[in-house]
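First comes the structure, then the notes that go with it.
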Number of protein chains: 2
Amino acid sequence: MINNYELYKVFYWAAKTGSLTQAAKTLYLTQPSVSHAIKQLEDSFGLILFYRNSKGVELTQEGAVLYSYIEKSQILISLAEEKMAALKNLDNGELRIGGSDSLFKHYVLPYLEDFHEKHPGIKLHLNHGTTPEVISFLKEGRIDLGVVRMPIVDSQLEVRESFQLQDCFVAGARYAELKDMVLSLEMLLKYPIILFSRNSRARMAITEIFQSYGYTIKPEIEVGSVDLLIEFARRGLGISYVTREFVSKELEEGSLFEIQLDVPLPPSHVGIMTMRNMPLTSAASRFIELVR
Amino acid sequence: MINNYELYKVFYWAAKTGSLTQAAKTLYLTQPSVSHAIKQLEDSFGLILFYRNSKGVELTQEGAVLYSYIEKSQILISLAEEKMAALKNLDNGELRIGGSDSLFKHYVLPYLEDFHEKHPGIKLHLNHGTTPEVISFLKEGRIDLGVVRMPIVDSQLEVRESFQLQDCFVAGARYAELKDMVLSLEMLLKYPIILFSRNSRARMAITEIFQSYGYTIKPEIEVGSVDLLIEFARRGLGISYVTREFVSKELEEGSLFEIQLDVPLPPSHVGIMTMRNMPLTSAASRFIELVR
DNA sequence: AGGAGCTATAGATCACGTCTATGATCAATA
DNA sequence: TATTGATCATAGACGTGATCTATAGCTCCT
């Protein structure tokens, strides 16, 4: 039984319309083509599928049995094609993004809102984790793209730089005397420092910066979230190292102020990370395009 | 979306085996053909369906969605093909026969038993009725073939003569004096005659025979079934006109005897009737072949 | 009798499905 | 590190078979 499945499409329409001529029109074929196709099917089964009469065709008993299967099959294919079109049009589908909570909250969110408004049919899945975790998610295929701090050096990954973040040291009212001063790193280190505890890119970056100047930065307090970094600084428990964009509200309202240093802190870059040589879903491509 | 459904077969096997090479082997194609087929599908949707890696292929999110539909569709087609093969092999199906009760009982039954033994998967449907009723059944498509007395003159029908029946007059002990006599039609008519009441072929035939000899046969008793014809004759209510083959048991055991006439009664022919120019089901063809 | 449907058949044509040959990439070996 | 053996992709050639046009045959209806 080596049948061309295309024949079933012809059979389906012939049965559905009850006319080879009609089927031909539906399929943009000529009537003899349809006639021939049906004949092929009949020959392959060794069974007659249609009664031919002057008004058209009618299923035989055996043709009716075949139709009961083929009809369902063809409907499934139609549904599949509709679904594919919907996926392509982004009427449908899902987008799975990995990244840190703070990046989601302060940076990715507006893009997600925009994306969701434009494509309300796409389900969004956010998976937060540290940069190494996000990389694993990506490699395991659990997310479509990751939003992480650069640089990422991994030959399996492709990273599109998307924007810069400026990290800085901030303090609260308790250290008001520093507000108008320009501190050296050495001076800064005399104060209690609050850093993000986890093995994050930001933490690594600041450690390296201090090392490049010959100092070692050792935090008084380590916390597990950006929110705590901010809260601890506000309460005067120390000076927090935090992304400036994440505390813009506090800086504005004056509950925190930025410590001015005599050396520049290099900005950190945020990138959108995907698997290299792996095709993206339409939704993922669209999102990246939107963020650009 | 004008897609060749053949591509879905290729897609199905590629997804199922996780390898274009394997799919090619399954489908007796070469790997480039499969590769090309998948590419066509992808292009037609504008979506990537597989991740290609050095071990084979893996469905993308969108490919997985497609597969969820196509898998069911392909399974239905496989089932359909199996079913068709079963119908062809007569492992399966139904055979609907029309005819008179008496023909079924005395003539068709052994063939049906034989058929059923050879093809136990075929469901048998027997519809009894008079010849005109059976013809209607056939034209309405309610039966596949009819077993009736010939001649049938209907251009829509095709009749295969299959065997002869000899009708005759029989009587019981009450008319024992006739056993060794040879009667003329005129003499016969002096006795009470029992005929089948319904507008049957047999009734028409005997009427015509008498008319051709210039007589009119008028029954004393009309009954509605062959069984009653026999029973009435046995009980001596008259002389029944009945098919000899239907009373072979009674003739043998002596409860009935055949009246000898001085003119021959022409045999009646039984035929298997089908719609002309209408294909037969495999089961019907097989049955006819068996009866021959 | 003629016309308007329908399907079947015959024969020609050419698109396209399939092939072979080869390249590119990757992973697991030696 | 080079080698081998998988994988899939690409290019180009080939030939089959799907499709076409033209026509016939049939049935029903006017």
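Please read these numbers as outputs of a predicted model, since none were measured by experiment. In what follows, chains carry the letters A, B, and so on, assigned in the order in which the sequence lines appear, proteins first and then strands, with residues in each chain numbered from 1.
Nucleic acid contact for A:V34: none, since no nucleic acid atom lies under 4.0 Å from a heavy atom of the residue.
Per the geometry, NZ belonging to A:K39 stands 17 Å off P belonging to D:dT19, to the nearest Å. In this structure, A:L49 atom CG and C:dT7 atom C1' are separated by 15 Å, rounded to whole Å.
Below 30°, between 30° and 60°, or above 60°: for B:F115 and B:F287 the angle between ring planes is above 60°, a perpendicular geometry.
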Problem - nucleotides 17-30 of chain C: protein proximity per nucleotide (B base, S sugar-phosphate only, - neither; heavy atom, under 4.0 Å) - result: SBBBB----SSS--
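Listed pair A:S35 / C:dT7 fails the phosphate criterion, with no side-chain N or O lying under 4.0 Å from OP1 or OP2. Note on A:T21: every side-chain N or O is 4.0 Å or more away from OP1 and OP2 of C:dG5. The phosphate of D:dC26 (OP1 or OP2) has no side-chain N or O of A:R52 nearer than 4.0 angstrom.
By the side chain to side chain donor-acceptor pair (under 3.5 Å) test, B:H125 pairs with B:E94, sequence neighbours left out.
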Handout entry: Audit row: B:R149, B:S100, side chain to side chain donor-acceptor pair (under 3.5 Å) steps and yes/no
Key = CA-CA 9 Å; B:R149 280 173 198 260; B:S100 76; over 6 Å; no
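The residues A:R52 and A:E42 are annotated as salt-bridged, a charged nitrogen and a carboxylate oxygen being separated by less than 4.0 angstrom.
Within the structure, the salt bridge (Lys or Arg N to Asp or Glu O under 4.0 Å) test picks out no pair touching residues 53-68 of chain A (sequence neighbours left out).
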